[in-house]
Novice: 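One structure coming up, written as structure tokens, with questions to follow.
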Amino acid sequence: MTAEAFIQAFRRFAARRSCPKLMISDNGSNFVAGEACLRVRWNHPKVQSVMQKRQCHWKFIPPRAPWQGDFYERMVGTVKKCLTKTLHRQKISFPKLQTLVVEIETRVNNRPLTYLLDDFSQREALSPIHLIHGSLLSPLIPLAEEDPVDPSHVTRSDLVESYQHLSRVVEKWNEVWTREYLTTLREYHYGGSSPYNKVQLKTEDLVLIDSDGPRSEWPIGKIVSVQPDHQGVLRVVRVLCGGTTTQQTLEKLYLSN
């Protein structure tokens with residue numbers, strides 16, 4: 001992406017989400033050039049007064065230190081990895097790719113983070129989309145079932161096939177992402193060894209509870225007590241979720257972050 005293309009993307013972002021107070025990025029040449037161009041614009045008296053009121057600031061992470069941006073690099077890397085596995089060598093049009101990426105964006109931002117109340121009785125957990133939009137978003141339901149296609153009817157058959165194909169790609173991505181993201185969460189908190197050897201779960205921790213249904217709908221609970229076995233190894237904890245306390249094994253729990 002060129003600096004000009006980045007500036008256009010930044011303008012679209014500001015138009016959709018409002019101009020941010022803090023921008024954090026790596027030292028990509030397009031970002032550096034884009035920031036310099038915007039800074040020149042911001043030096044205009046009228047623009048500068050607005051930016052000062054909004055306290056806009058651009059922060060670059062240290063050069064050649066991508067781990068300094070781990071809080072976004074990890075999520076970006078997981079999404080790209082899952083997208084690569086899902087599409088493999090498929091060729092799709094740019095409009096379809098745009099639709100796919102936006103639907104992925106919604107599912108990623110719908111993931112639960114934590115609860116606002118200590119009693120955990122609220123129905124919805126706080127998610128990134130709450131901070132952006134105010135409530136969970138509901139993308140169109142995928143329609144991946146096979147539908148008889150008559151080649152002689154170009155309009156309807158092409159539309160149905162196109163919709164079904166994109167739905168299958170989205171569902172496949174969601175399946176791969178669920179597996180990859182949860183594995184990443186566990187590796188991030190436990191390290192490469194067995195979770196029994198390096199478990200860090202403790203009381204008051206917030207955890208995702210593995211249950212039936214889409215991962216975005218998994219409940220979040222709070223650990224109220226830990227129960228090591230006779231060897232001192234933690235295998236079971238008691239979790240408060242929805243006003244009820246239950247025992248949960250470590251395999252079904254993922255630290256929320």
Side-chain angles (χ1 to χ4, degrees), residues 1-42 51-52 54-87 97-98 100-114 125-133 136-137 173-174 176-193 195 198 200 205-208 215-216 220 254-257:
M1 179 180 287
T2 63
E4 181 181 358
F6 165 71
I7 291 176
Q8 298 301 324
F10 184 79
R11 291 182 63 178
R12 292 193 298 270
F13 176 88
R16 288 175 177 146
R17 311 295 191 195
S18 184
C19 187
K21 290 185 177 180
L22 175 64
M23 290 75 73
I24 302 177
S25 72
D26 58 30
N27 291 265
S29 58
N30 52 345
F31 293 147
V32 174
E35 189 271 343
C37 177
L38 291 174
R39 187 168 3 100
V40 171
R41 298 293 183 185
W42 291 347
M51 292 303 173
Q52 286 177 348
R54 296 186 179 182
Q55 298 178 338
C56 292
H57 175 62
W58 197 308
K59 178 181 178 182
F60 290 102
I61 64 174
R64 301 184 181 276
W67 57 87
Q68 294 287 333
D70 59 347
F71 67 95
Y72 58 81
E73 290 286 4
R74 185 167 62 88
M75 187 58 64
V76 171
T78 302
V79 171
K80 290 170 65 176
K81 182 179 179 181
C82 297
L83 190 58
T84 301
K85 287 185 177 181
T86 302
L87 290 177
L97 180 61
Q98 286 181 308
L100 176 61
V101 171
V102 172
E103 291 209 0
I104 288 173
E105 172 191 330
T106 299
R107 285 164 171 77
V108 170
N109 286 333
N110 273 344
R111 73 187 189 279
L113 298 177
T114 186
L126 182 66
S127 65
I129 206 66
H130 282 98
L131 306 177
I132 299 172
H133 186 69
L136 292 177
L137 297 183
W173 180 90
N174 193 57
V176 175
W177 180 73
T178 298
R179 183 171 59 251
E180 293 283 345
Y181 175 63
L182 294 178
T183 300
T184 302
L185 271 183
R186 176 162 285 170
E187 289 176 350
Y188 177 78
H189 290 290
Y190 296 151
S193 303
K198 296 186 64 176
Q200 299 294 325
D205 278 346
L206 301 181
V207 290
L208 283 173
R215 193 208 65 81
S216 60
I220 288 184
Y254 299 85
L255 275 168
S256 176
N257 67 341

Novice: Give the minimum heavy-atom separation between Ala125 and His130, together with the two atoms involved.
Specialist: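 Looks like O-CE1, 3.2 Å.
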
Novice: Short question: side chain of Asn27, backbone of Ile61 - any donor-acceptor pair under 3.5 Å?
Specialist: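 Answer holds: yes.
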
Novice: List the atom of Tyr72, the atom of Asp26, and the distance in Å for their closest heavy-atom pair.
Specialist: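 The answer is OH-N, 3.7 Å.
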
Novice: To check you understand the geometry: which heavy-atom pair defines the closest contact between Ala3 and Ala33, and what is its length?
Specialist: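 Minimum heavy-atom separation between Ala3 and Ala33: CB-CB, 3.6 Å.
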
Novice: Among Leu131, Ile129, Leu136, which one satisfies side-chain contact (heavy atoms from CB on, under 4.5 Å) with His133?
Specialist: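 So, applying the side-chain contact (heavy atoms from CB on, under 4.5 Å) to His133 and each of Leu131, Ile129, Leu136, only Ile129 qualifies.
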
Novice: In terms of the angle between their ring planes, are Phe10 and Phe6 parallel, tilted or perpendicular, with boundaries placed at 30° and 60°?
Specialist: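 Ring orientation, 0 to 90° scale: tilted.
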
Novice: Is there a side-chain contact between Asn109 and Ile132, using heavy atoms and a 4.5 Å cut-off?
Specialist: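 In contact.
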
Novice: Indicate yes or no for a side-chain donor-acceptor contact from Ser18 to the backbone of Ala14 under 3.5 Å, with no hydrogens or angles considered.
Specialist: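 Pair absent, no side-chain N/O of Ser18 close to backbone of Ala14.
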
Novice: Is there a side-chain contact between Leu100 and Thr86 (heavy atoms, below 4.5 Å)?
Specialist: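 SC-SC contact between Leu100 and Thr86 ruled out.
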
Novice: Go through it in stages, so that I can follow the logic: the residues are Arg16 and Arg11, the test is side chain to side chain contact (heavy atoms under 4.5 Å, CB included), and I'd like the CA-CA distance, side-chain angles, deciding distance and then a yes or no.
Specialist: CA-CA 9 Å; Arg16 288 175 177 146; Arg11 291 182 63 178; over 6 Å; no

Novice: Indicate yes or no: at least one non-hydrogen side-chain atom of Thr2 is less than 4.5 angstrom from one of Asn30.
Specialist: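 Thr2 does not reach Asn30 side chain to side chain.
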
Novice: Within a reach of under 6.0 Å around CD of Glu73, are more than 12 heavy atoms found that belong to other residues, nucleotides or ligands?
Specialist: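 Result for CD/Glu73: enclosed.
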
Novice: Got a second to check how far Leu137's CG is from Thr106's OG1, nearest 0.5 Å?
Specialist: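 OG1 of Thr106 is found 5.5 Å from CG of Leu137.
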
Novice: Taking side chain as C-beta onward, heavy atoms only, is Val108 less than 4.5 Å from Trp177?
Specialist: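 In short, these two side chains touch, coming nearer than 4.5 Å.
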
Novice: Closest approach of Leu208 and Pro112, non-hydrogen atoms and distance?
Specialist: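 For Leu208 and Pro112, the tightest heavy-atom pair comes out as CD2-CG, 3.3 Å.
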
Novice: After noting the C-alpha distance and the side-chain angles of Glu35 and Phe60, does the key distance pass the side chain to side chain contact (heavy atoms under 4.5 Å, CB included) rule?
Specialist: CA-CA 10 Å; Glu35 189 271 343; Phe60 290 102; 3.7 Å; yes

Novice: When rounded to the nearest 0.5 angstrom, what is the spacing between CE in Met23 and NE2 in His57?
Specialist: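 Reported value, rounded in 0.5 Å steps: 8.5 Å.
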
Novice: Got Pro20 and Trp58 here, is their nearest side-chain heavy-atom distance under 4.5 Å?
Specialist: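 No - every pair of side-chain heavy atoms lies 4.5 Å or more apart.
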
Novice: Answer whether the closest heavy-atom distance between the side chains of Tyr254 and Val207 falls below 4.5 Å.
Specialist: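 Not in contact.
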
Novice: Taking atom CG of Leu206 and atom CG of Leu113, what is their separation to the nearest 0.5 Å?
Specialist: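 Reported to 0.5 Å precision, the distance equals 10.0 Å.
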
Novice: When rounded to the nearest 0.5 angstrom, what distance separates NZ in Lys81 from OG1 in Thr78?
Specialist: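 Reported value, rounded in 0.5 Å steps: 7.5 Å.
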
